[in-house]
Q: 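Have a look at the structure that comes next, please.
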Amino acid sequence: MNCGVRLLFLILLSFKFSLAQPEDEELIVYRDTTFTVLSAFTKERQKFPFIEIAKPPVSNSIIIDSNLVYVEYGKRKLRLDIFYPKDKSQKYPAVILVHGGGWQSGDKSQQFPMAQEIASAGFVTVAVEYRLSPEAKYPAAIVDLKSAVRWLRANGYKYSVDTNKIAALGCSSGGHLVSMLGVTSRNPKFDGNGSALEFSSAVQAVIDIDGILDFTDPAESGKDQDPEKPSVGKLWLDYTYKENPEIWREASPINYVNENSPPFLFINSSINRFQAGRDVFIDKLNKYGTYSEIQTFPDTPHPFWFFHPWFKSTIVIVEKFLNKIFGLDAENYRIKLKQ
């Protein structure tokens, strides 16, 4: 090999290694970005021209720690953002917030407005990233969120969290996921090999905002009529209902209600599809004497929680429910935070 060819070979070899991913570099995955607040706004304003995107200011009474890693799967790191009161003289209940997007899209930042507002009322709030269907199928998202709850318990002392009072709030598919969290706390099938396994993944309250509870309801299970246009359920569960009805039943919170299920708050739009399984679910809760509430906004789009005039009303409903379940004096919290 002459000197010129040898030099070229060494340059190419060096270039090849420069492109190789370092062993300790984080794995970056493809993200479906079809569902955003802006895309929802653009769609819904055609029917509701008066809506405005909710962008509440960040309160000076809270601190935000962003992109904290809560679990790792090899080079894949999942992150969360935590919002907590500056005043650490007391312990605060916590709320895990889970975004929607049909189990395939969406981002934890979509929950920031709610996280900010609820934290300002005397809570620690946590917006969580989880694996979506383009990356990992069912039940990965549930496993991830259980790890997030355990991480919060393991690290609660840093953020003045009352680890006996943790709620989970989710919107749309996130509502379905937090409902699964609520009813499977003692089911090892969904714990996986996540982080902080010595801590409990149980939550003490659930707020389901327009999230389905029964995948087998025809509103969900009847969608897969065109193989070229699979439903979001099929994309997450990896099978149509006809191909594997059992996995659709297995992924339905309605089938896990038990004596240990926590209180539930259901906040719904006026679209019946997103109430699939709700009434039967409540009947099951009633059999165990478990408290539940329903709040429905008339004449509303599905993602109403993103927008004024419904955002603030949603926050008020959430806070009242949490104050009731956790036995809190909301006014005392607010007064102390403002000092």
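Computed over heavy atoms, backbone and side chain alike; hydrogens, waters and symmetry mates excluded.
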Q: Should the pair D144-R131 be classified as a salt bridge under the 4.0 Å nitrogen-to-oxygen rule?
A: yes

Q: D208 pairs by side-chain hydrogen bond (donor to acceptor under 3.5 Å, both in side chains) with which of S172, S179, S292?
A: S179

Q: Going through the distances and angles, do E129 and Y70 end up as a side chain to side chain donor-acceptor pair (under 3.5 Å)?
A: CA-CA 9 Å; E129 172 191 19; Y70 74 88; over 6 Å; no

Q: Taking salt bridge (charged side-chain N to carboxylate O under 4.0 Å, His left out) as the definition, give me every residue that meets it alongside R45, ordered by chain and number, with sequence neighbours left out.
A: none

Q: Does any part of the side chain of L169, heavy atoms only, come nearer than 4.5 Å to the side chain of I96, both counted from C-beta?
A: no

Q: Would you please classify the geometry between the F281 ring and the F266 ring as parallel, tilted or perpendicular, with 30° and 60° separating the classes?
A: perpendicular

Q: Any chance the side chains of D65 and Y84 put a donor and an acceptor closer than 3.5 Å?
A: yes

Q: Could you name each residue pair satisfying side-chain hydrogen bond (donor to acceptor under 3.5 Å, both in side chains) that touches residues 275-290, not counting sequence neighbours?
A: N268-R278

Q: Would you confirm whether the ring centroid of H99 sits within less than 6.0 angstrom of the ring centroid of F35?
A: no

Q: Is there a donor-acceptor contact under 3.5 Å from the side chain of S221 to the main chain of D217?
A: yes

Q: Side-chain donor-acceptor pair under 3.5 Å between T184 and K146, yes or no?
A: yes

Q: What I'd like to find out is whether the side chain of F112 reaches to under 4.5 Å of the side chain of F83, using heavy atoms alone.
A: yes

Q: Going by heavy atoms in the side chains, are F321 and V318 under 4.5 Å from each other?
A: no

Q: Just wondering, are more than 12 heavy atoms of other shown residues or ligands nearer than 6.0 Å to CG in D226?
A: yes

Q: Check D224 with K242, please: is the shortest side-chain N to carboxylate O separation under 4.0 Å?
A: no

Q: Check this for me: F326, atom CZ, are more than 12 non-hydrogen atoms of other residues, nucleotides or ligands nearer than 6.0 Å?
A: yes

Q: Considering only NZ, NE, NH1 and NH2 on the basic side and carboxylate oxygens on the acidic side, decide whether E135 and R76 come within less than 4.0 Å.
A: yes

Q: Looking at side-chain heavy atoms only, is the closest gap between M114 and I209 below 4.5 Å?
A: yes

Q: Look at the aromatic rings of F215 and W103 and report parallel, tilted or perpendicular, splitting at 30° and 60°.
A: tilted

Q: State whether a side-chain donor-acceptor pair under 3.5 Å links T36 with S39.
A: yes

Q: Between F123 and P85, which heavy-atom pair has the shortest distance, and what is it?
A: O-CD, 3.6 Å

Q: Would you confirm whether S231, through its side chain, and K234, through its main-chain N or O, come within 3.5 Å as a donor-acceptor pair?
A: yes

Q: Using side-chain contact (heavy atoms from CB on, under 4.5 Å) as the criterion, list what pairs up with L235, not counting sequence neighbours.
A: Q104, S133, P230

Q: Between I51 and I271, is there a shared hydrophobic cluster once you connect ILVMFWY residues whose side-chain heavy atoms come closer than 4.5 Å?
A: no

Q: Hey, is the main chain of P56 close enough, under 3.5 Å, to the side chain of Q116 for a donor-acceptor pair?
A: yes

Q: Between the main-chain N or O of T240 and the side-chain N or O of E243, is there a donor-acceptor pair closer than 3.5 Å?
A: yes

Q: Quick check against the 3.5 Å criterion: does T163 have a side-chain atom that pairs as donor or acceptor with the backbone of G156?
A: no

Q: Charged N to carboxylate O under 4.0 angstrom, R273 versus E220?
A: yes

Q: Would R249 count as a cation-pi partner of Y241, with NZ or CZ less than 6.0 Å from the six-membered ring centre and within 45° of the ring normal?
A: no

Q: Please work out whether the ring planes of H302 and W305 are parallel, tilted or perpendicular, with thresholds of 30° and 60°.
A: perpendicular

Q: What class does the angle between the rings of F48 and W310 fall in, given that below 30° is parallel, 30 to 60° is tilted and above 60° is perpendicular?
A: perpendicular

Q: Count the heavy atoms belonging to other residues, nucleotides or ligands that lie under 6.0 Å from NZ of K320, then report whether that count exceeds 12.
A: no

Q: Within the 3.5 Å criterion, strictly below it, is a donor on N67 or K77 matched to an acceptor on the partner's side chain?
A: no

Q: Do L197 and R150 touch side chain to side chain, with heavy atoms closer than 4.5 Å?
A: yes

